[in-house]
Amino acid sequence: MQKKLKGIEFIRNFHKNTPTSPGVYRMFAEDGKVLYVGKAKNLHKRIKNYTDFDGLSERIKKMISETASMEIIKTNTENEALLLEQDLIKQLNPKYNILLKDDKSYPYLTISKEEIPKLGKFRGDKNSSSYFFGPFPSSLAVNETIKLIQSVFGLRTCKDSMLRNRQMPCLLYQIKKCSGVCCGKISLSEYRRQVDNAISFLKGDNKEIIDNLSKKMREASDNKDYEKAIVYRDKIFYINQILKKSTLSELDGNTDIITILEKENVFEIEVLVSKNSIICAQYSFFPEHTKDAIDQEVLTSFIEQFYAAHEIPQKILTNIDLFDIEDIEEGLFVIKGEKVVLETPKKGAKRKIIDTVVQNAKLHLERKFIENSNNKQYMEDLKNLFELKSPPNRIDVFDNSHIFGTDKVGAMIVVGPKGFQKDNYRKYNIKSDIVGDDYKMMDEVLNRRYMHAKKEHTLPDLIIVDGGKGQLDIAYNIIRNLDLDIPIVGIAKGEDRNAGEETLYQKGKKPINLPKNNPVLFFLQRIRDEAHRFAITTHRKKREKSHFKSALDEIEGIGMVKKKELLNYFGSVKNIVNANISELMKVSGINKNLAEKIYKTFH
């Protein structure tokens, strides 16, 4: 009986009959599990590379030794092979494929294609109902861009139902964040021109926009309409400030910078995207299935996967030299049939930019290790940093959230040596009649929390408040008035609210500014951010509920009893909004006429 071939012997034999066409190949273990999925513009040449055993990395050698069978799928083009490869990797999750995972879906900025276009943000699969710009690296980044578009172009962000029912301009119009198209403050044709200008701006046509605003400013000034001239001046200033912060004159055309770092076999890849010398986005990725891999192998695999879903640049700068493999020819990386210039600068201005991106990557890699580690060491570090009597077993962290003083909420999270204690999180609806006063909100929340905590014996070993000296003083006075002895720390954000520039305050002590790469600072940022996330989420839910209730109040025939019945039946505001007429009619006291009124209110 002929011995069944395996490993390098099998691949050498299999290679003899492989075609020279583009396609995808799969490598299988003896038990039938897929080990690896790859693509090639020349299958015969690619598989032959695996027969040069001595020139391969240890990881690939191990994969080959486990290979018992292979299958190939021919495609018409290399691009088809790339798309098929990505689909198969997602379906099969092969053991030896390096997987591009960032643990989140990046948000896009959208401008809808309806009669009166709307500005917004979106996560998920793109569709044809809107123009999509991005993706952005975070909600914060897309929100900042939305603020810019509102300030300069006055695009609406309100829901369609609010637009239809609006009779007077909203607050955003009053503060010059919206053009008031809902109430005829601007003609529909002029509004659409503003939409076109915003789209051009988001595509990178900044010079034309600024020239146009400058022209209008001069015309207004010549006509002695100085108030309008000031509006145009402020818009130009705002755009220039944004561009000044995000311009890298050393980069020409559309250039992406991609760096890779490794620590204890965890890889971090940082991507800086620039278009026309303007920084558009920055991403951090932590690929999976990288055991025994080397950085060139991980980065090559990453580039192929990343650009399967992102715009391909003219040039890519990297911090390491890549292998001389099939897809790299004389400094050109072939991606989806397009040739991209690939450079690894060793000195000069471009190298300085790469080194800056590498420093950011180091920070993200350190943060990743902190997130995956036990908090016990950080409790000891906090004891030493803040001169506590002992390492804290429980830390209460506070933050507030509101919009112009409405839907005010306070939030408290709890963290200890074993991580976040979500069962102990608390949210507080601010009861006092205060508008936009963060100090009074903090006063109410802390009083309510520690008057109960004193009775229930659930006191923390350390209190952290989001804010500077003012918030610290509020917390200190409350704790002292309640005859409690609990250390308190205030975390104030740096200039422009930049992470890494926080100042730590304690009563009667000098402020502390930790280095940006300090692990304890990362830990404090992490718990501060979790408190902020919890506060924002709580506020958003309250706002949605209050908006829902106010909308129901406008429907004739809906009172407190019926509102309560609706909530009891559907369980949440979201479920009521999404219900159809027949579902609404199932609620006690809701007839067809009322169900239709409710449905029309939200649709």
Side-chain angles (χ1 to χ4, degrees), residues 366-400 409-428 442-468 471-492 499 502-515 518-538:
E366 288 296 332
R367 187 185 293 273
K368 184 73 171 179
F369 271 86
I370 289 168
E371 290 175 356
N372 295 335
S373 64
N374 190 295
N375 289 342
K376 189 173 181 180
Q377 178 58 50
Y378 297 115
M379 297 300 154
E380 186 68 38
D381 293 337
L382 292 180
K383 168 186 175 287
N384 297 330
L385 179 65
F386 299 130
E387 299 176 351
L388 308 177
K389 294 177 182 177
S390 60
N393 282 313
R394 173 177 173 139
I395 304 174
D396 288 359
V397 189
F398 293 89
D399 194 10
N400 299 322
V409 296
M412 179 193 79
I413 69 160
V414 179
V415 64
K418 294 184 179 180
F420 293 114
Q421 301 172 15
K422 296 196 175 183
D423 288 345
N424 292 320
Y425 284 19
R426 295 291 181 270
K427 51 191 176 184
Y428 300 87
M442 183 68 71
D443 184 292
E444 178 181 329
V445 170
L446 291 174
N447 262 309
R448 287 167 60 185
R449 157 66 183 140
Y450 291 112
M451 286 177 68
H452 287 291
K454 192 174 180 182
K455 298 174 186 176
E456 298 167 359
H457 305 289
T458 57
L459 296 171
D461 304 300
L462 176 66
I463 296 171
I464 294 178
V465 294
D466 183 37
Q471 283 85 352
L472 178 68
D473 289 341
I474 293 290
Y476 178 81
N477 290 334
I478 289 168
I479 296 302
R480 185 178 60 181
N481 291 339
L482 291 172
D483 293 323
L484 296 173
D485 182 20
I486 306 172
I488 307 168
V489 173
I491 302 181
E502 289 85 352
T503 300
L504 310 176
Y505 292 97
Q506 286 178 281
K507 195 72 175 177
K509 296 182 180 180
K510 285 186 176 181
I512 300 172
N513 292 98
L514 295 174
N518 188 295
V520 181
L521 179 59
F522 289 152
F523 177 71
L524 290 169
Q525 289 170 347
R526 180 180 161 214
I527 60 178
R528 187 268 319 277
D529 292 346
E530 170 64 5
H532 186 61
R533 179 203 65 79
F534 184 58
I536 289 291
T537 302
T538 303

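The model shown is predicted, which means the values in this text are computed figures rather than measured ones.
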Asker: I'd like to check L459 versus I486 (side-chain heavy atoms, cut-off strictly below 4.5 Å). Are they in contact?
Answerer: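 Counting from C-beta outward, L459 and I486 do come under 4.5 Å.
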Asker: Are any non-hydrogen side-chain atoms of V414 and I395 less than 4.5 angstrom apart?
Answerer: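 V414 does not reach I395 side chain to side chain.
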Asker: Quick one: list whatever passes side-chain contact (heavy atoms from CB on, under 4.5 Å) with N513, sequence neighbours left out.
Answerer: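 Counting only residues at least two positions away or on another chain, N513 forms a side-chain contact (heavy atoms from CB on, under 4.5 Å) with T503.
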Asker: Could you grab the distance from atom CG of N393 to atom CE of M379, nearest 0.5 Å is fine?
Answerer: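 N393 atom CG to M379 atom CE measures 8.5 Å (nearest 0.5 Å).
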Asker: Looking only at side chains, do Q471 and Y476 share a donor and an acceptor under 3.5 Å apart?
Answerer: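 On atom types as modelled, these side chains do not qualify, holding no pair under 3.5 Å.
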Asker: State the NZ-CD1 distance between K507 and I488, to the nearest 0.5 angstrom.
Answerer: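 The distance works out to 9.5 Å.
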Asker: Going by heavy atoms in the side chains, are F398 and I413 under 4.5 Å from each other?
Answerer: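 F398 does not reach I413 side chain to side chain.
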Asker: So F534 and R426, side-chain contact (heavy atoms from CB on, under 4.5 Å) or not? Walk me through it.
Answerer: CA-CA 9 Å; F534 184 58; R426 295 291 181 270; 5.9 Å; no
Asker: Is there a side-chain contact between P417 and Y378, using heavy atoms and a 4.5 Å cut-off?
Answerer: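 When only atoms from C-beta onward are counted, Y378 and P417 do not touch, as no gap falls below 4.5 Å.
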Asker: Under the salt bridge (charged side-chain N to carboxylate O under 4.0 Å, His left out) rule, collect the residues that match up with R480, sequence neighbours excluded.
Answerer: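 With sequence neighbours excluded, R480 shows a salt bridge (charged side-chain N to carboxylate O under 4.0 Å, His left out) to no residue whatsoever.
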Asker: Check salt bridge (charged side-chain N to carboxylate O under 4.0 Å, His left out) between D443 and all other residues, then give those that pass, not counting sequence neighbours.
Answerer: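 Residues passing salt bridge (charged side-chain N to carboxylate O under 4.0 Å, His left out) with D443: none at all.
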Asker: Sequence neighbours excluded, which residues qualify as side-chain contact (heavy atoms from CB on, under 4.5 Å) partners of E380?
Answerer: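 side-chain contact (heavy atoms from CB on, under 4.5 Å) check on E380 returns Q377, K383, N384, P391.
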Asker: Give, for atom CZ of R448 and atom CD1 of I478, the distance between the pair rounded to the nearest 0.5 Å.
Answerer: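 If we round to the nearest 0.5 Å, R448:CZ and I478:CD1 are 12.0 Å apart.
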Asker: With a 4.5 Å cut-off on side-chain heavy atoms, are E502 and Q525 touching?
Answerer: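 With C-beta onward as the side chain, the pair touches.
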Asker: List the steps and the verdict of side-chain contact (heavy atoms from CB on, under 4.5 Å) for F386 and V489.
Answerer: CA-CA 8 Å; F386 299 130; V489 173; 3.8 Å; yes
Asker: At their closest point, which heavy atom of L462 faces which heavy atom of P392, and how far apart are they?
Answerer: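 Answer, listing the atom of L462 first, then P392: CB-CB, 4.4 Å.
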Asker: For Q506, what residues pass the side-chain hydrogen bond (donor to acceptor under 3.5 Å, both in side chains) criterion, not counting sequence neighbours?
Answerer: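 Counting only residues at least two positions away or on another chain, Q506 forms no side-chain hydrogen bond (donor to acceptor under 3.5 Å, both in side chains).
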Asker: Can any side-chain N or O of D461 pair as donor or acceptor with the backbone N or O of R394 at less than 3.5 Å?
Answerer: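 Yes.
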Asker: Any chance you could measure R449, atom CZ, to M412, atom CE, to the nearest 0.5 Å?
Answerer: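 R449 atom CZ to M412 atom CE measures 4.5 Å (nearest 0.5 Å).
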Asker: Rounded to the nearest 0.5 Å, how far does CG of D399 lie from CG of D466?
Answerer: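 Rounded to the nearest 0.5 Å, the CG-CG separation comes to 4.5 Å.
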Asker: For K422, check side-chain hydrogen bond (donor to acceptor under 3.5 Å, both in side chains) against everything at least two apart and list the hits.
Answerer: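 Listed in chain order: nothing, the list is empty.
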Asker: List the residues meeting salt bridge (charged side-chain N to carboxylate O under 4.0 Å, His left out) with D483, not counting sequence neighbours, and say none if there are none.
Answerer: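 None.
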Asker: Taking the side chain as every heavy atom from C-beta outward, state whether E387 and K509 have any pair of such atoms under 4.5 Å apart.
Answerer: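 SC-SC contact between E387 and K509 confirmed.
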Asker: Could you list the residues that satisfy side-chain hydrogen bond (donor to acceptor under 3.5 Å, both in side chains) with Y450, not counting sequence neighbours?
Answerer: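 Y450 satisfies side-chain hydrogen bond (donor to acceptor under 3.5 Å, both in side chains) with D396 once adjacent residues are dropped.
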Asker: For K389, what residues pass the salt bridge (charged side-chain N to carboxylate O under 4.0 Å, His left out) criterion, not counting sequence neighbours?
Answerer: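 Result, salt bridge (charged side-chain N to carboxylate O under 4.0 Å, His left out) vs K389: D485.
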Asker: Quick one: does L504's side chain get under 4.5 Å of I491's, heavy atoms only?
Answerer: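 When only atoms from C-beta onward are counted, I491 and L504 do touch, with a gap below 4.5 Å.
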Asker: Applying side-chain contact (heavy atoms from CB on, under 4.5 Å), can you list everything that pairs with I527, at least two apart in sequence or on another chain?
Answerer: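 Applying side-chain contact (heavy atoms from CB on, under 4.5 Å) to I527 gives V397, V415, F420, I464, F523, L524.
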